[in-house]
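For the numbers below, each heavy atom of this structure counts, side chains included, while hydrogens, waters and symmetry mates do not.
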Amino acid sequence: MDVAITGSSGLIGTALRAALTEAGHRPIRIVRRDPAPGEIQWDVDAGSIDAASLEGVDAVVHLAGAGIGDKRWNDDYKKVILDSRTKGTALIAETIAGLDNKPSIFLSGSAIGYYGPRGDATITEETPVGDTFLADVCEKWEAAAQPAIDAGVPTAFLRTGIVQTPKGGALQKQLPLFKIGLGGKFGNGKQYQSWISLDDEVNAIIHLLTAGVTGPVNLTAPEPVTNATFAKTLGKVLKRPSFFPVPAFGPRLLLGKDMANALLFESQKIIPTVLQASGFTFAHPNLESGLRAVLRK
């Protein structure tokens, strides 16, 4: 398959390109810079894209968006987070809708932030949207893909959980303290974390290229854990103690209350109902196997 990818230089996009190539597919990068041969250029701010080069591609995977945890949230950066997702998605969706030879599948990025905090309640794709900043972002992000849906392009939304890899994201930030035995739970540790290994994230995306699935898809492992269990398991894998709790006031002071709550303290117990029903098999269904794989322990 010829698979066009936005966000192809990001954490997931880079791994996806490598896996697609290894599987015999041809990843086609959609880039903001001057394109190399075989790449497609776009400019979200200008609302422009090389639509002719998208004609006939088999699939489009849209992963681009400003990093949620890259900067402290203020009104300006919240706008960047929202606009980078809605404007990019609208541009891709409208372009796809206007093609003569449309892709067979459009996989558009989203996140489990869609659901907001739910305590100990089990969350599936049927759970309604939450009432937080990230929930609002995700709802508008997914809505921006409507032109592709209206044009008859099968569209699935990749509601991605906390991707586990030492190459970036939450785990990369946590590892230094855990490696020296100073890691621990955040707050009381009772909040559920819905995670997925980078390998399973990438393999799930490749699976969805041909699975015939549309609508929201939770990309999370089937066994969410509490933050206290996560800390204990990471310490076990690293063979380090992990009993130093991080008081809630620290991250809230450092990151701001909204950002800290969204990234560290809100509880989401998410099950990948649609993905499992589609026949996907997880390489790392439980946290210990996932951490050992990504950390090669």
Side-chain angles (χ1 to χ4, degrees), residues 5-16 29-33 42-47 62-92 108-117 129-144 157-178 182-183 186-187 191 193-196 198 201 219-220 227 230 246-268:
I5 309 170
T6 72
S8 62
S9 61
L11 187 68
I12 297 170
T14 298
L16 177 62
R29 302 182 69 179
I30 301 176
V31 300
R32 298 174 186 269
R33 54 171 169 73
W42 73 332
D43 185 332
V44 175
D45 293 333
H62 173 46
L63 302 173
I68 295 294
D70 288 357
K71 296 181 180 180
R72 186 183 176 99
W73 291 359
N74 56 30
D75 289 345
D76 288 341
Y77 195 63
K78 283 183 175 181
K79 188 174 187 303
V80 170
I81 289 171
L82 176 62
D83 289 351
S84 69
R85 286 160 173 74
T86 56
K87 290 182 178 180
T89 303
L91 177 57
I92 288 287
S108 190
S110 187
I112 59 173
Y114 179 93
Y115 303 108
V129 67
D131 184 23
T132 63
F133 165 67
L134 288 185
D136 182 60
V137 167
C138 291
E139 183 178 33
K140 291 174 179 175
W141 189 3
E142 294 183 9
F157 299 105
L158 309 174
R159 291 182 181 169
T160 295
I162 306 169
V163 178
Q164 298 299 312
T165 172
K167 297 177 182 178
L171 184 59
Q172 184 188 55
K173 293 180 173 67
Q174 290 173 282
L175 277 176
L177 280 178
F178 274 85
L182 295 177
F186 287 104
Q191 66 274 29
Q193 295 183 235
S194 294
W195 62 278
I196 186 169
L198 180 59
E201 171 79 11
L219 297 193
T220 59
N227 176 256
F230 181 93
V246 179
F249 73 84
R252 286 171 177 160
L253 184 64
L254 179 65
L255 302 176
K257 183 178 179 180
D258 288 349
M259 183 176 178
N261 285 346
L263 300 185
L264 302 175
F265 298 111
E266 290 181 353
S267 183
Q268 294 185 312

Step by step, work out the side-chain contact (heavy atoms from CB on, under 4.5 Å) result for E266 and Y115.
CA-CA 11 Å; E266 290 181 353; Y115 303 108; over 6 Å; no
Give me the atom names and distance for the closest heavy-atom approach of I112 to S194.
CD1-O, 3.8 Å
Is there a donor-acceptor contact under 3.5 Å from the side chain of T14 to the main chain of L11?
no
Passes side-chain contact (heavy atoms from CB on, under 4.5 Å), F230 versus Q164? Steps please.
CA-CA 11 Å; F230 181 93; Q164 298 299 312; 3.5 Å; yes
Cut-off 3.5 Å, side chains only: do S110 and E142 have a donor facing an acceptor?
yes
More than 12 heavy atoms from other groups under 6.0 Å of CG on D131
no
With a 3.5 Å cut-off and no angle check, do the side chains of H62 and S108 form a donor-acceptor pair?
no
The single option from I30, T160, I12 that satisfies side chain to side chain contact (heavy atoms under 4.5 Å, CB included) with L63 is I12
Would you call F157 and Y114 a side-chain contact if the rule is heavy atoms closer than 4.5 Å?
no
Heavy-atom pair with the smallest gap, counting every atom of G69 and L263:
CA-CD1, 4.1 Å
Find the distance between CD1 (I92) and NZ (K87) and round it off to the nearest 0.5 Å.
15.5 Å
From I162 atom CD1 to E201 atom CD, the distance as rounded to the nearest 0.5 Å:
12.0 Å
Looking at T165 and G168, would you say the former's side chain and the latter's main chain have a donor-acceptor pair under 3.5 Å?
no
Contact check, side chains of R32 and V44, non-hydrogen atoms, under 4.5 Å:
yes
What pair of heavy atoms forms the shortest contact from A64 to G7, and how long is it?
CB-N, 3.8 Å
With a 4.5 Å cut-off on side-chain heavy atoms, are V80 and K71 touching?
no
Would you name the heavy atoms of L264 and Q191 that are closest together and state the gap between them?
O-NE2, 2.9 Å
Taking side chain as C-beta onward, heavy atoms only, is Y77 less than 4.5 Å from M259?
no
Using a strict 4.0 Å threshold on nitrogen-to-oxygen distance, state whether D136 and K140 make a salt bridge.
yes
Compare all side-chain heavy atoms of L171 with those of W195 and state whether any distance is below 4.5 angstrom.
no
Nearest non-hydrogen partners of R85 and T89, listed with the distance
O-OG1, 2.6 Å
Can you tell me how far the CZ atom of F265 sits from the CG atom of N227, to the nearest 0.5 Å?
8.0 Å
Which atom of A111 lies closest to which atom of C138, heavy atoms considered
O-SG, 3.6 Å
Quick check: are there more than 12 heavy atoms from other residues, nucleotides or ligands sitting under 6.0 Å from NZ of K78?
yes
Can L82 and W141 be said to form a side-chain contact (heavy atoms from CB on, under 4.5 Å), step by step?
CA-CA 8 Å; L82 176 62; W141 189 3; over 6 Å; no
